[in-house]
Amino acid sequence: MFILTKIADLVQIAPEDFGKQSHQAIEDNINAKYANKVVQKIGLFVCLWDILWTSEGLIGQGDGYANVNVEFRMVVFRPFQGEVILARIANQSREGISLATAFFHDIFIPFSELPDDTEFDPREQTWVWKVKGGDEGEGGDEGEAAEEGEGAEMYFDNNEVVRFQVVSEEWHDQAPSGPQESADQPASELLPPYKITGSMKAAGLGCTIWWD
Amino acid sequence: MKILETQNALLTNYEVYQHILDTQRRAKNQKRRLPGNLATLLTEVVTYLREKPGPLARQNETGTYTTEVFAQLIERLRAAHFKKSDIVKGEILNIFNIRPGNTAVLSTILEDMGERFTEEEQERIVEIIIEVLGQEPADEDGAEQGAVPSIENGN
């Protein structure tokens, strides 16, 4: 789920930070620049892991900034394909279920990746998994499903903790688009920079309370 | 900015959790404020990692996860000598992060589990995981396991 990425970058330390220890000034600088940012095809940066190498600080002409070349490693959120992760159900629609973790919100499970016999209840705005009665294939100790005997309705309630498997990822560059030629042209929708598509089809996936 | 290596290493959730707590503790001891974006994100990541039924939810009280258990689990799984195939690195990582407590959950992590491991072997894997990493305690407050996220008495 988390990886380390090795990066080389020029860190510019402002004169007001000269009071800090230099490694601390570098650390703050890197964290302020990278933390909570998505870089295309890399992932969501979390925080600095360690500093591998730094050059001498050089002060250029014109400003008082100390320029330091630094090689460092960052903790990055980048789940691999096939990884199983926990998240909460944030929102549901006919297209599928949106999931979120406390720090990352662009996870989507399309309806085609929900278990078979899952239907959308438009009144409740939730997906319901209609488990057929007498089906033994639910992995041993099926709690609620078994008690109710003749099939059961398993609800994907909002805010429920679920397990899902990562299927694919999408990247969208957030570069600004050019000026629009006419006013009635709809503004292009801003897509999330990093979006994960997942699956809850297999046994063991879906709401965690079904399986534990 | 130049990316030298996209994936230098894989981290388990436990390592990230420890690193974040360290970073926060260091800043606190030195009475230093972390950059705003970082402070927010770190709090969110820790909240996520502590969420039930994640294995780190009760790490504060039980301290189940230590650096030793990782080697221990890998060693135990190797010693089990599965006939057809071994558990690969990514799967082991995923086992640490999810801590499957039964074969249904294990099957989501191990690809084609039915073909690679016999049923006894699957049971054995789950046993080893429970012995080394512990398991989710049975929910006593089962009554309110509903959709409302409950705040677990502060700590």
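Each chain gets a letter, A, B and so on, in the order its sequence line appears, and its residues count up from 1.
Crowding of A:Q174 atom CD: a count of heavy atoms from other residues, nucleotides or ligands under 6.0 Å exceeding 12. Atom CZ of B:F70 sits in a crowded spot, with more than 12 heavy atoms from other residues, nucleotides or ligands closer than 6.0 Å. The 12-atom threshold is exceeded at CZ of A:F120, counting heavy atoms of other residues, nucleotides or ligands nearer than 6.0 Å. Residue A:Q40 places its CD atom among more than 12 non-hydrogen atoms of other residues, nucleotides or ligands, all under 6.0 Å distant.
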Chi angles and distances behind the side chain to side chain contact (heavy atoms under 4.5 Å, CB included) call for B:R26, A:E27: CA-CA 12 Å; B:R26 245 186 315 138; A:E27 187 179 332; 3.5 Å; yes
Take A:I7 and B:M1 through the side chain to side chain contact (heavy atoms under 4.5 Å, CB included) test and state the conclusion after the steps. CA-CA 7 Å; A:I7 302 171; B:M1 177 188 76; 3.7 Å; yes
Between A:F77 and B:V45, does a side chain to side chain contact (heavy atoms under 4.5 Å, CB included) hold up when you go through it step by step? CA-CA 10 Å; A:F77 173 72; B:V45 174; over 6 Å; no
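No part of A:V76 comes within reach of chain B, as not one of its non-hydrogen atoms sits under 4.5 angstrom from that chain. Residue A:T101 touches chain B through both its backbone and its side chain, counting heavy-atom pairs closer than 4.5 Å. With a threshold of 4.5 angstrom between heavy atoms, A:L10 does not approach chain B through any atom at all. If you measure heavy-atom distances from A:V84 to chain B, the contacts under 4.5 Å come from both the backbone and the side chain. Neither the backbone nor the side chain of B:L106 comes within contact range of chain A, judged by heavy atoms closer than 4.5 Å. Of the atoms belonging to A:F2, heavy atoms from both backbone and side chain fall under 4.5 Å from chain B. With a 4.5 angstrom heavy-atom cutoff, A:E83 touches chain B via backbone and side-chain atoms both. Contacts of B:S107 with chain A are made by side-chain atoms alone, with heavy-atom separations under 4.5 Å and no backbone atom involved. In this structure, the portion of A:K37 lying under 4.5 Å from any heavy atom of chain B is its side chain and not its backbone. Residue contact with chain A, scored on non-hydrogen atoms closer than 4.5 Å, involves the backbone and the side chain of B:I3 alike.
Screening A:V75, A:I3, A:V46 for a side-chain contact (heavy atoms from CB on, under 4.5 Å) with B:L11, the sole residue that qualifies is A:V75.
Rounding to the nearest 0.5 Å places OG1 of B:T23 at 9.0 Å from CH2 of A:W49. The distance from atom OG1 of B:T6 to atom CD1 of A:I42, rounded to the nearest 0.5 Å, is 4.5 Å. With rounding to the nearest 0.5 Å, the separation of CD in B:E44 from NE2 in A:H105 is 6.0 Å. In this structure, the separation between CZ on A:F103 and OG1 on B:T40 is 14.0 Å, given to the nearest 0.5 Å. The CD atom of A:E71 lies 10.5 Å from the CD atom of B:E5; values are rounded to the nearest 0.5 Å. Taking CG of A:D9 as the start and NZ of B:K2 as the end, the distance is 11.5 Å to the nearest 0.5 Å.
Contacts with chain B were tallied for A:I89, A:I85, A:N29; A:I85 has the most, counting heavy-atom pairs under 4.5 Å. The candidate with the highest count of non-hydrogen atom pairs below 4.5 Å against chain A, out of B:L4, B:L49, B:N97, is B:L4. Most heavy-atom pairs under 4.5 Å with chain A: of the set B:N94, B:L10, B:L34, this distinction falls to B:N94. Your options are A:F104, A:Y34, A:Y155, and the one with the most heavy-atom pairs under 4.5 Å with chain B is A:Y34. With respect to chain A, the highest number of heavy-atom pairs below 4.5 Å among B:H19, B:Q135, B:E91 belongs to B:H19.
When every heavy atom of B:V105 is checked against every heavy atom of A:W211, the shortest pair comes out as CG2-CB, 4.1 Å. For B:R32 against A:D28, the heavy-atom pair with the smallest separation is NH1-OD2, 2.9 Å. Scanning both residues, A:M1 and B:Y48, for their nearest heavy atoms gives CE-CE2, 3.0 Å.
A donor-acceptor pair under 3.5 Å is absent between the side-chain atoms of B:N8 and the main chain of A:L4, judged by distance alone. Side-chain N or O atoms of A:N31 include none that pairs as donor or acceptor with a backbone N or O of B:P35 at under 3.5 Å.
No side-chain heavy atom of B:L41 sits less than 4.5 Å from a side-chain heavy atom of A:C47. When side chains are defined from C-beta on, B:E51 does not count as touching A:L86, because their heavy atoms never get closer than 4.5 Å.
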